[in-house]
Amino acid sequence: MPELPEVETTRRGIQPYVLQKKLERVIIRQPMLRWPIADELPLKITGQKITQLTRRGKYILFGFRNGTLLLHLGMSGSLRLVAKNTQPGKHDHVDFVLSSKILRFTDPRRFGSILWTEQDPMQHKLLNHLGPEPLEETFSTEYLYKKSRHRKTPIKNFIMDSKIVVGIGNIYANEALFLTGIRPTLLAGKVSKTKYQLLIKNIRLVLSQAIQQGGTTLQDFVGGDGNPGYFKQQLKVYGRAGEPCVNCKKPLKEIRLGQRSTVYCSHCQR
DNA sequence: CGGACTCCCTGCCGGC
DNA sequence: TGCCGGCAGGGAGTCC
């Protein structure tokens, strides 16, 4: 399940091989992703140079002179650089053939998406409603506190809402709430300004640590044989239900919130 | 508008 | 050992 750190790590990893490079060919083996890949896509981008490579939330944006390719990894997607003679596997749905390598999109569960737009990408309907980037200044205590007033949704759902702030998936929502000592079920409208200030700090901490760690496994993306890893080794609550809390040693609890697995310490999180 | 819920897909895990 | 049911999960879409 790629979260923002994996997406950003992917973007940084592929950047040197992609930016200002010409796309020689696009091979689509399976167009049925979350939405079907537009028939016109190869026609639009074959032979074109990739002039920009940016990220908005968990979307990676490939900028061309004539438009933008929006790519989302869904929950099982990945982008890897592989040698040109590499045979595709079962779930290798799309190849972007560059001059020296292939940028290969793999996605077993096909929750990912690849879209083409010729308008300003930020005005695209998948991007135009998105909240601020969690690592940027606009994601401030003042902003989050104001947005949260009178909200009756649990704090965990609130910070996972992309209209509020982008890029906080289930894993890091669990982790940030643990670090801040906030119970995931607490209603967003009931969280104090002081706690929001601390929560923002911890969201940035877990995300930036994971991005930093991702940097050390960058060769996985360019080498093509490793997996990017989910930074599991340093997770304090996610995937640890029933195991002792790292602070108080009491067993961690697991509940479902918004259909998502939610793990917390009933002693340390109030 | 907010909040609750559904659905897309398939690898994996537990139960028998 | 093999089969099968159920689960996980990002996030758009729908409904009230």
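Residue numbers start from 1 in every chain, and the chains themselves are labelled A, B, ... in the order their sequence lines are given, proteins ahead of strands. Heavy-atom basis, side chains included; hydrogens, waters and symmetry copies ignored.
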- Query: Heavy-atom contacts under 4.0 Å between residues 102-111 of chain A and DNA chain B, which residues?
  - Reply: A:P108, A:R109, A:R110, A:F111

Contacts under 3.5 angstrom, residues 150-167 of chain A side chains, donor-acceptor by atom type, not counting sequence neighbours:
residue : atom : partner : partner atom : Å
A:K156  : NZ   : A:N170  : OD1          : 2.7
A:K156  : NZ   : A:T262  : OG1          : 2.9
A:D161  : OD1  : A:K163  : N            : 2.9

- Message: Just to verify, what does A:R56 make a salt bridge (Lys or Arg N to Asp or Glu O under 4.0 Å) with, not counting sequence neighbours?
- Response: A:E133

- Query: A:R11: what forms a salt bridge (Lys or Arg N to Asp or Glu O under 4.0 Å) with it, not counting sequence neighbours?
  - Reply: A:E8

- What salt bridge (Lys or Arg N to Asp or Glu O under 4.0 Å) pairs are there with at least one residue in residues 190-201 of chain A, not counting sequence neighbours? A:E142-A:K193

- Could you give the distance from CG (A:L69) to CD1 (A:I50), rounded to the nearest 0.5 Å? 8.5 Å

- Query: How long is the gap from CD on A:Q212 to CG on A:L207, to the nearest 0.5 Å?
  - Reply: 12.5 Å

- Message: Just to verify, what does A:Y59 make a ring pair (Phe, Tyr, Trp, His ring centres under 6.0 Å) with, not counting sequence neighbours?
- Response: A:H72

Tell me which donor-acceptor pairs under 3.5 Å the side chains of residues 250-260 of chain A have, and how far apart each pair is, sequence neighbours excluded?
residue : atom : partner : partner atom : Å
A:E254  : OE2  : A:S261  : OG           : 2.5
A:R256  : NH2  : A:Q259  : O            : 2.4

- Qualifying ring-ring contact (aromatic ring centres under 6.0 Å, His included) pairs with a residue from residues 188-211 of chain A, counting only residues at least two apart or across chains: none

- Item | Test applied, side chain to side chain contact (heavy atoms under 4.5 Å, CB included); reference residue, A:L23; option that passes from A:V97, A:L98, A:T46 | A:L98

- Counting primed atoms, P, OP1 and OP2 as sugar-phosphate and everything else as base, the B/S/- map of nucleotides 11-16 of chain C against protein heavy atoms under 4.0 Å is BBS---

- Query: When all nucleic acid strands are considered with a 4.0 Å heavy-atom cut-off, which category describes A:K163: base, sugar-phosphate, or nothing?
  - Reply: nothing

- Task: Could you tell me, to 10°, how much the axis swings from one end of the helix from B:dG2-C:dC16 to B:dC16-C:dG2 to the other, five pairs per end?
- Result: 40°

- Note on the structure: Rounded to whole Å, CG of A:L71 lies from P of C:dG10 at a distance of 17 Å

- Note on the structure: A:E254 atom CD is separated from C:dA8 atom C1', nearest whole Å, by 11 Å

- Could you tell me whether the side chain of A:T117 reaches within less than 4.5 Å of the side chain of A:L126, counting heavy atoms only? no

- Task: Using a cut-off of 6.0 Å, state whether more than 12 heavy atoms not belonging to A:H267 lie near its atom NE2.
- Result: no

- Query: Contact boundaries of DNA chain B with chain A (under 4.0 Å, heavy atoms), 5' to 3'?
  - Reply: B:dG2 to B:dG11

- Query: Can you list every side chain to side chain donor-acceptor pair (under 3.5 Å) pair that touches residues 87-99 of chain A, not counting sequence neighbours?
  - Reply: A:R29-A:D95, A:D92-A:T106, A:D95-A:R104

- Side chain of A:S261: nearest nucleotide among C:dG10, C:dA8, C:dG9? C:dG9

